[in-house]
Student: 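The structure that follows is given in the form of structure tokens.
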Amino acid sequence: MDYQFQKIEKDWQKFWAENKTFRADNQSGKPKYYVLDMFPYPSGAGLHVGHPLGYIASDIFARYKRLKGFNVLHPMGYDSFGLPAEQYAIQTGQHPSVTTEDNIATYRRQLDQIGFSFDWDREVRTSSPDYYKWTQWIFMQLFNSYYDKDADKAQSIAKLVAHFESNGSAGVNAVCDEEVLSFTADEWKAFSAQQQQAELLKYRLTYLRESTVNWCAALGTVLANDEVKDGFSERGGYPVEQKKMMQWSMRITAYAQRLLQGLDHIDWPEPLKEMQRNWIGKSVGASVRFPLEASPKSSPKERTSEEGSNSLSFGEGRGEAASYIEVFTTRVDTVFGVSFLVIAPEHELVAELTTPGQKADIETYIAQTKKKSELDRMADTKTVSGAFTGSYVTNPLNGEKVPVWIADYVLAGYGTGAVMAVPSGDQRDFLFAKHFNLPIIPIIDIQNIEIEADPTKEGKYINSDFINGLGYKEATAAVVARLEELGLGKAKVNFRMRDAIFGRQRYWGEPVPVYFKDGLPYLIEEQHLPLLLPEIDKYLPTESGEPPLGRATDWSYKAEGKVSPIGEDLEGAEAFYAYELSTMPGWAGSSWYWYRYMDAHNDQEFASREAIEYWKDVDLYIGGSEHATGHLLYSRFWNKFLKDIGKVVEEEPFKKLINQGMIQGRSNFVYRLIDEEGKGTNTFVSHGLIKEYKTSPLHVDVNIVENEVLNVNKFKAWREDFADAEFILENGKYICGVEVEKMSKSKFNVVNPDDLIARYGADTLRMYEMFLGPLEQSKPWNTNGIEGVFKFLRKFWKLFHDADFNFNVSDEAPTKAELKSLHKIIQKVEQDIERFSFNTSVSSFMIAVNELTDLKCSKRAILQELVITLAPYAPHICEELWTLLGNPAGTISTAAYPIFNPAYLVEDEFSYPVSFNGKMKTNVSLSLTMETADIEAAVLANADVQKYLDGKTPKKVIVVKGRIVNIVI
RNA sequence: GCUCAGAUGGUGGAACUGGUAGACACGCAGGACUUAAAAUCCUGUUCCCGUUAAAGGAGUGCGGGUUCGAUUCCCGCUCUGAGUACCA
């Protein structure tokens, strides 16, 4: 039979499913290997040809590892909570779970067609209650934990309570809100339960607080920083504004240092690690307090907690007048160059600092900055603007009077929202000083500040009191020491990363397992998990602007017992408490899912101890780099937390990570002829001739174009108005234009894997996706060339068959040449897979099959091994041939990868390339056992070489044994 | 602006540690088979000069450098893509 891929592929996919060929066991004598793909959000559009790229690569790797004797865990699931299903629900009234279900069915069908070796018994769906029960459970553990800086890990909140009970707040070194109370043990005990709860909330790893959020009115929800691009929502492109809201947050900043350090120990692409480093944004510097002019010197040592908190930290606490402004600086050595202070327009002290005389100015300026959108503010970095408050602070080291300004180049969200301006060393301060005529004080002898600021660290200090004459390092140390002595500053590490907002005003997400009592949040009891998403009448905010869950009629909790059903006797109604109305964000379910695969059906734990200790972590994770600062950071955070509380064993979840490149679209164009009146005609000009005519380009469906040649008949059938289109051809063909764009329906450049599989089969698709180029490189999809891979598989099939397609394999002993071809490919594929260079192994397979075809090789000894090496790439055809070779069905998946024998590659002769001054001219074939001196003599004696020498004596002859001869003349 | 990645034939790409640049495939051209087409097979295909062959010259974004020898290493520049954006 000819290569009948459709039948073969269907048969084997059925066989794998029925026999659970790829089921992984949680115990095995084999070493474990965990290959994970980033699970997809099941969108309504289904898979396009770009999606499976990473899945194919990981599948090849997983299948290869099985052949290499590993117990491989290779699961797949769905990140099935998300906005699109909800948007669709709003439009159609259809429950998101219904559309999600449908979309998953489509995904599953498409995935199955490609022949992946997933263990489907372990499938997870983040929107399934069996799954989100454990997402909620992890949330509860976070709520019940705080970060102890001395132990440098998360600890049970009970431990903190015990500390408060015996020692009060003294000696607590924890990551917390900036405004925590100082109290004794007795005072703590005297607090009401409510006061205690309010205080503990300031320490919990997930907590509620009023924060400035990215509010997207069009989507009706808040967005995480990584979901906002240039002031617009990443999804949909709607405007995003800053708004203050009560929000659940995750204290990820507690882990900033560990998240940073962990990067040094994982095998991830360097650019991705760099992105995380930038996102975390560690800067080492100092905090410095500038006392306010009029007020008496503060006694700042009483403050309990600003350390480690990343948030704004102003004043002495609530209700009291501030006595200083705190700034963060990375150049504390330049403190004698401070000629003014700048605080953000949103800074808490602005009103207090503004003198009556300056009030009008300041108010005008604030109004002006408020009007500017986030986008304008970012785009416009050149215009200098600001206003003087009228107040002064004192330089803590030289007592000089320093004016306080406000300006929008200082961001409220970073550091303390205030900077000490050193115009001689900082370009922004320099421009500001020039613009407003403020003094610019040189502080380093070699500084050149004629035209711009000079941030040098070289040279000696001048105009700088006790550090005059010192160098950078000593000066910094001396200034910090003096500030500490004065109690007006200290060395400080600042992180740019903020705590992550953990709530969406949306329906289609995990409910937060929290109810409210007297305005404070409490966890529901663990036995009541999962807290199921309630049914609601429509998926919109309530009339009063509450999130959609506010529409649920029975959305409350009875602490001692059960969830209140509607219409229940209202006796004891005061014991029913309202649930949280927001739901968890998209990243909640994806921040731990790799553990659920380890033990997907466990209803006692998120995964059993045994399963976690066996599988430990993900050995290879493949996915897109777009998740660099979202999913991949949050997952590392949750993993570290789970490690801290002893639930998992590894500090980092993903040992090795590979980013597959994005597949871009490749659009084709036709060119409509424009007539004299400037109107479009129904005549189309071939691309090569468009310079001679007036035309306008028009996207054309790439599926009716082959090798840039338009199928004219299909084009006429494509759209009614083209039915009687006419064409101006070149060489009898209509050639289309080409452009690389995003793959999207509106550009008619979407290529569907289903169509390609129907035409060429999954094995061809798999190999072609790999053949396209290096996995990590982004590239446009181009179906041109898929024929080459298809031909290769047919040729491969033919090796096992005679001219009439009868299966025909001989048991003759292989020749040296055949063994050489085989072992070349065994070695090559092994090396290529280990370095994830799948495209080069496809070429090598082609070379091997070409060679064996030329050798007319049909020997079992060769082909049986070749089939195993190809099986990870083209599993269906290999299963079929493996069975035809007489092996039990399905056993190729666990066959042993052939052992490479270098002896078969040993050559005794080598054709030395001989170059003259580095330019290759001729070859001389010599024995590989020859020594350098003999090679030189033999080469020089060669007739061709003599000809090139043309009687000249070589100046030098370089001989590299087994490689090259270079003659210098 | 900063950070990172990249630039090789008509196209996708290969060349792994500095050692024959262009493997493999597409496309194109020519040929075989065929009444014809499709399919299949064979040959050629970096560019320039050359009637063919030979011979010669140029050549991995641009300009320099190191080296017997550079796509590979170093310096400077241009362009493309990604991330980030007044981070004090």
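Not measured: the values here are computed from a predicted model. Just so it is clear: chains get the letters A, B, ... in the order the sequence lines come, proteins before strands, and each one is counted from 1.
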Student: Rounded to whole angstrom, note down the P distance from U46(B) over to A21(B).
Tutor: 14 Å

Student: Show the nearest heavy-atom pair for residues Ala418(A) and Ile343(A), with the distance to one decimal.
Tutor: CB-CG2, 3.6 Å

Student: Please give the distance between the C1' atoms of A14(B) and G65(B) as a whole number of Å.
Tutor: 28 Å

Student: Identify each atom pair where a protein N or O and an N or O of nucleotides 11-14 of chain B are less than 3.5 Å apart, giving names and distance.
Tutor:
from   : atom 1 : to        : atom 2 : distance (Å)
G12(B) : O2'    : Leu772(A) : O      : 2.6
G13(B) : OP1    : Gln777(A) : NE2    : 2.9
G13(B) : O3'    : Asn839(A) : ND2    : 3.4
A14(B) : OP1    : Asn839(A) : ND2    : 2.8

Student: Using the glycosidic torsion, which applies to G9(B): syn (within 90° of 0) or anti (everything else)?
Tutor: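 What G9(B) shows is a syn base, its glycosidic angle lying within 90° of 0.
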
Student: Considering the options Glu851(A), Glu907(A), Glu830(A), which one meets the salt bridge (charged side-chain N to carboxylate O under 4.0 Å, His left out) requirement together with Lys824(A)?
Tutor: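 So the option named by the test is Glu851(A).
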
Student: What's the gap between C26(B) and C74(B) when it is taken at their C1' atoms, as a whole Å value?
Tutor: 37 Å

Student: What's the separation between atom CD1 in Ile60(A) and atom OH in Tyr873(A), rounded to the nearest 0.5 Å?
Tutor: 5.5 Å

Student: Closest approach to the side chain of Glu274(A), judged atom by atom: which nucleotide of C87(B), U3(B), C26(B) is it?
Tutor: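 Nearest nucleotide to the side chain: U3(B).
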
Student: Could you tell me how far apart Met275(A) (CE) and U84(B) (P) are, to the nearest whole angstrom?
Tutor: 7 Å

Student: How close or far is atom C1' of G19(B) from atom NZ of Lys956(A), stated in whole angstroms?
Tutor: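 Those two atoms, NZ and C1', are 15 Å apart.
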
Student: How are the rings of Tyr414(A) and Phe328(A) set to each other: parallel, tilted or perpendicular (split at 30° and 60°)?
Tutor: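 Taking Phe328(A) first and then Tyr414(A), their aromatic rings stand perpendicular (interplane angle over 60°).
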
Student: When you compare G83(B) with C24(B), how far apart are their C1' atoms, in angstrom units rounded to a whole number?
Tutor: 34 Å

Student: Assess whether atom NZ of Lys434(A) is packed by more than 12 heavy atoms of other residues, nucleotides or ligands within 6.0 Å.
Tutor: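 Check fails, neighbour count at 12 or below.
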
Student: If you pin Gly281(A) and Asn917(A) to their nearest nucleotides in RNA chain B, which one's is more 5'?
Tutor: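 The answer here is Asn917(A).
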
Student: Could you label the plane-to-plane angle of the Tyr760(A) and Phe790(A) rings as parallel, tilted or perpendicular, counting under 30° as parallel and over 60° as perpendicular?
Tutor: perpendicular

Student: Quick check on Lys961(A): does its NZ atom have over 12 non-hydrogen neighbours (other residues, nucleotides or ligands) under 6.0 Å away?
Tutor: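 It does: Lys961(A) NZ has more than 12 such atoms within range.
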
Student: With rounding to the nearest 0.5 angstrom, report the CG to CE distance, Leu793(A) to Met767(A).
Tutor: 6.0 Å

Student: Could you tell me how far apart Lys955(A) (NZ) and U67(B) (P) are, to the nearest whole angstrom?
Tutor: 15 Å

Student: Can you tell me, in whole Å, how much space there is between the C1' of C48(B) and that of C41(B)?
Tutor: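 So the two C1' atoms sit 33 Å from each other.
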
Student: Should the heavy atoms of other residues, nucleotides or ligands under 6.0 Å from CZ of Arg277(A) be counted, would the total exceed 12?
Tutor: yes

Student: Is the Tyr912(A) ring parallel, tilted or perpendicular to the Phe910(A) ring (thresholds 30°, 60°)?
Tutor: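 Perpendicular: the ring planes of Tyr912(A) and Phe910(A) meet at over 60°.
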
Student: Nearest of G19(B), A88(B), C28(B) to any side-chain atom of Ile964(A)?
Tutor: G19(B)

Student: Under 4.0 Å: is that the gap between some side-chain N or O of Lys919(A) and OP1 or OP2 of C68(B)?
Tutor: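 Looking at the OP1 and OP2 atoms of C68(B), neither is under 4.0 Å from any side-chain N or O of Lys919(A).
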
Student: Which of the following nucleotides, C16(B), C41(B), A88(B), is nearest to the side chain of Thr329(A)?
Tutor: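 The answer is A88(B).
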
Student: Between G19(B) and C77(B), how far apart are the P atoms? Round to whole Å, please.
Tutor: 28 Å

Student: Side chain of Asn784(A), base of C26(B): donor and acceptor closer than 3.5 Å?
Tutor: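 Absent.
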
Student: Touch check for Asn850(A), heavy atoms < 4.0 angstrom, all strands: base, sugar-phosphate only, or nothing?
Tutor: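 Sugar-phosphate, no base atom in range.
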
Student: Whole angstroms only, please: what is the CZ-P distance between Arg963(A) and C68(B)?
Tutor: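 One finds 19 Å between P of C68(B) and CZ of Arg963(A), rounded.
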
Student: Kindly assign one of parallel, tilted or perpendicular to the pair His627(A) and His631(A), based on the angle between their ring planes and the thresholds 30° and 60°.
Tutor: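 It falls in the perpendicular class, over 60°.
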
Student: Specify the separation, in whole Å, of atom NZ of Lys961(A) and atom C1' of U17(B).
Tutor: 19 Å

Student: Answer yes or no: does a side-chain N or O of Tyr414(A) lie under 4.0 Å from OP1 or OP2 of A88(B)?
Tutor: yes

Student: Measuring only between side-chain heavy atoms, which start at C-beta, is Tyr734(A) closer than 4.5 Å to Val709(A)?
Tutor: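 When only atoms from C-beta onward are counted, Val709(A) and Tyr734(A) do not touch, as no gap falls below 4.5 Å.
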
Student: Using 30° and 60° as the class boundaries, would you call the ring planes of Trp405(A) and Phe432(A) parallel, tilted or perpendicular?
Tutor: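 It falls in the perpendicular class, over 60°.
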
Student: Return the value, rounded to whole Å, for the distance between atom NZ of Lys921(A) and atom C1' of G69(B).
Tutor: 14 Å

Student: Side-chain N or O of Arg496(A) less than 4.0 angstrom from OP1 or OP2 on A88(B)?
Tutor: no

Student: Output a table of nitrogen or oxygen pairs between the protein and nucleotides 37-39 of chain B separated by less than 3.5 Å.
Tutor:
none

Student: Quote, to the nearest angstrom, the C1' distance that separates G18(B) from A70(B).
Tutor: 6 Å

Student: Once you round it to whole Å, what is the distance between P of C26(B) and CD of Glu708(A)?
Tutor: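 That distance rounds to 16 Å.
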
Student: Map every base of RNA chain B to its dot-bracket character, where paired means a Watson-Crick or G-U wobble contact with both distances under 3.5 Å and | marks a partner outside the strand.
Tutor: (((((((..(((......[....)))((((((.......))))))(((.......)))..(((((..]....))))))))))))....

Student: Mind calculating the distance between CH2 (Trp797(A)) and P (U40(B)) to the nearest angstrom?
Tutor: 17 Å

Student: Classify the ring geometry between Phe792(A) and Phe845(A) as parallel (under 30°), tilted (30 to 60°) or perpendicular (over 60°).
Tutor: tilted

Student: P atom, G9(B) versus A23(B): distance in rounded Å?
Tutor: 13 Å

